[in-house]
Amino acid sequence: MRILLSRAGRALPVVAAAAALAAVTALPAATASAASPVASPAARAAVGDEAPYIVTVHKDVDPATVARMVGASPDYVYRTALHGFSARLSPGQVAALHVIPGVESVQEDGGVSSFGTAG
């Protein structure tokens, strides 16, 4: 399935992603501000909420462009066996990625281990 969008159609995902990002990130900040008059600790806590993710996108979509749309700095851009990128993302960025057309999956990166022996 090939995604072809007009200029106005390309702007819609950016607007939707920005709205989702603003909605998700504004809620914790507003709650923290109401609980305490000091906003600085809430800003530091948001940075600590970032976790490593692997994001896969459709073949016709540029992974680096998708990362820029949500303000992410990719650790690595995959273009061979996997088409996407890895980056540390905040919960707001993850939510914004879910509404962007062409994003196939957003998975938290985790360790892999083996519990048995092959054979």
Review point. Any link between Y76 and V55 through a network of hydrophobic side chains (Ile, Leu, Val, Met, Phe, Trp, Tyr) touching at under 4.5 Å?
Key: no
Review point. Shortest non-hydrogen contact from H58 to E104?
Key: CA-OE2, 3.3 Å
Point to revise | Within one Ile-Leu-Val-Met-Phe-Trp-Tyr cluster: V106 and I54, side-chain cutoff 4.5 Å | key: no
**Study point:** Single-linkage hydrophobic cluster V77~V66, side-chain heavy atoms < 4.5 angstrom
**Key:** yes
Point to revise | Pairs involving residues 81-109, ordered by first then second residue, that meet ring-ring contact (aromatic ring centres under 6.0 Å, His included) (sequence neighbours left out) | key: none
Study note, to complete from the structure: Contacts of D62 meeting side chain to side chain donor-acceptor pair (under 3.5 Å) (sequence neighbours excluded), chain-then-number -> T65, R79
Check your understanding: So, for E50 and S90, which heavy atoms are closest and what is the spacing to 0.1 Å?
Key -> CG-N, 3.9 Å
Check your understanding: Any donor-acceptor pair under 3.5 Å linking the side chain of E108 with the backbone of A51?
Key -> no
Exercise for review: Kindly indicate whether the side chain of V70, heavy atoms from C-beta on, has any atom under 4.5 Å from the side chain of I100.
Suggested key: yes
Check your understanding: Ignoring hydrogens and geometry, is there a side-chain-to-backbone donor-acceptor pair from T56 to S105 under 3.5 Å?
Key -> yes
Check your understanding: Is there side-chain contact between Y78 and P63, with heavy atoms separated by less than 4.5 Å?
Key -> no
Practice item. Check the hydrophobic clustering (I, L, V, M, F, W, Y; side-chain heavy atoms under 4.5 Å; chains of links allowed) and say if L89 and V61 are grouped together. Key: yes
Check your understanding: Can you tell if the side chain of D75 reaches within under 4.5 Å of the side chain of S86, non-hydrogen atoms only?
Key -> yes
Practice item. Could you tell me which non-hydrogen atom of S73 sits nearest to which non-hydrogen atom of A87, and how far apart they are? Key: O-CB, 3.7 Å
